Amino acid sequence: MIRYRKKNSRSRKKTTKLLVFMGRLILTAVILSVLMVLCFRWVSPPTSAFMLKRHFKNFLHNKPSAALKYRWIDLDKMSPYVPLAVIASEDQKFPHHWGFDIAAISDAVGNNLKGGRLRGASTITQQVAKNMFLWSGRSFVRKGLEAYFTVLLELLWSKNRILEVYLNIAEFGDGIYGVRAAAETFYLKPPSRLTRWESAILAAVLPSPRKLKVSDPSPYVIERAGWIEEQMAQLGGIGYLRNI
């Protein structure tokens, strides 16, 4: 009986130590993630998780890192048509939600349960959380971390900052990240001079930038860009950006 009690006591101590260690590990991870998100509230990100993954893949295949194009530009240096087109295309409730579009999520879940085409319902904030800090995939772990970082971004960044980072790290073509690189590559001009139609074309390829082409837009891209232009007008034009 005494041996059993001693063995049981040692087992409880090991379990307690393990729980304390796990608790400290989780707390450290939370503190580091908060500090990292806070840092990028003011510091222009030099890269993103998705870009790092692409650099690593290029390294494995002996491709030059220069194949990736990324140059930061502040939001106020872009044509106002660019953020408007992206909001009209990707997340029309962006100024008003807290990182999650509940109605869109409900519609997507309902459509998927009915056997319809698999649809996403990611907001701009969720896409920043995923592209900036995480990896692609559909696992519950990644989705949980995405939700966590989405909450952090909404709490610690302004809407303007979220939009600014998104427009700088989103992929607009194969290895072309951000509005500045896209404008200079496809239109040979700075982002400040992008027209409404050019901005709509850029926004139109965002769902699949390695298949849909800005330089040689398919009928689908042209049709989608036309729809985006209509949505931009219905939102109220560039005056809509005052809501952000």
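As the structure is a computational prediction, the values presented were derived from the model and not from experiment.
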May I ask you to test the [X]-[Y] pair for a side-chain heavy-atom distance under 4.5 Å?
X: W72; Y: S44; value: yes
X: I244; Y: L241; value: yes
X: L202; Y: Y187; value: yes
X: L145; Y: F133; value: no
X: K213; Y: V205; value: no
X: N168; Y: E164; value: yes
X: E198; Y: R193; value: no
X: S89; Y: R224; value: yes

Can you name the closest pair of heavy atoms from [X] and [Y] and give their distance?
X: A85; Y: I228; value: O-CG2, 3.7 Å
X: V86; Y: L167; value: CG2-CD2, 3.5 Å
X: E90; Y: A203; value: OE2-O, 4.5 Å
X: P46; Y: Y70; value: O-CE2, 3.2 Å

- Would you mind checking if E184 and K69 are paired as a salt bridge, meaning a charged N to carboxylate O distance below 4.0 Å? no

- Query: Under a 4.0 Å N-O cut-off, is there an ion pair linking D174 with R54?
  - Reply: yes

- For the pair I222 and W197, evaluate side chain to side chain contact (heavy atoms under 4.5 Å, CB included) and give the outcome as yes or no after the intermediate values. CA-CA 10 Å; I222 292 173; W197 176 250; 4.1 Å; yes

Give the cluster check for [X] versus [Y]: same hydrophobic cluster or not, with ILVMFWY residues linked at side-chain heavy-atom distances below 4.5 Å.
X: W42; Y: L153; result: yes
X: V151; Y: V34; result: yes
X: L156; Y: V128; result: yes
X: W135; Y: Y177; result: yes
X: M51; Y: M36; result: yes

- Message: As a quick check of understanding, evaluate side chain to side chain contact (heavy atoms under 4.5 Å, CB included) for E171 and I176, giving each step before the final call.
- Response: CA-CA 6 Å; E171 190 175 14; I176 299 171; 5.7 Å; no

Once rounded to the nearest 0.5 Å, what's the spacing between atom [atom1] of [X] and atom [atom2] of [Y]?
X: I162; Y: W157; atom1: CD1; atom2: CH2; result: 7.5 Å
X: L68; Y: H55; atom1: CG; atom2: NE2; result: 4.5 Å
X: I73; Y: M78; atom1: CD1; atom2: CE; result: 6.0 Å
X: S48; Y: F40; atom1: OG; atom2: CZ; result: 10.0 Å
X: I31; Y: I26; atom1: CD1; atom2: CD1; result: 12.0 Å
X: I201; Y: L206; atom1: CD1; atom2: CG; result: 11.5 Å

- Using a cut-off of 6.0 Å, state whether more than 12 heavy atoms not belonging to W98 lie near its atom CH2. no

- Query: Run the side chain to side chain contact (heavy atoms under 4.5 Å, CB included) check on F50 and M132 step by step: do they pass?
  - Reply: CA-CA 7 Å; F50 273 38; M132 186 71 199; over 6 Å; no

- Task: Decide yes or no on side-chain hydrogen bond (donor to acceptor under 3.5 Å, both in side chains) for K53 and S136, but give the supporting numbers first.
- Result: CA-CA 10 Å; K53 178 183 176 182; S136 58; 3.3 Å; yes

Within the 3.5 Å criterion, strictly below it, is a donor on [X] or [Y] matched to an acceptor on the partner's side chain?
X: S122; Y: Q127; value: no
X: S158; Y: R41; value: no
X: H96; Y: N243; value: no

Is a donor on one side and an acceptor on the other found under 3.5 Å between the side chain of [X] and the backbone of [Y]?
X: S79; Y: T195; result: no
X: R196; Y: Y81; result: no
X: K159; Y: F94; result: yes
X: D91; Y: I87; result: no
X: E223; Y: P219; result: no

- By side-chain hydrogen bond (donor to acceptor under 3.5 Å, both in side chains) - contacts of S33 (at least two apart): Y148

- Taking the six-membered ring of F149 as reference, does the NZ or CZ atom of K130 fall below 6.0 Å from its centre and within a 45° cone about the axis? no

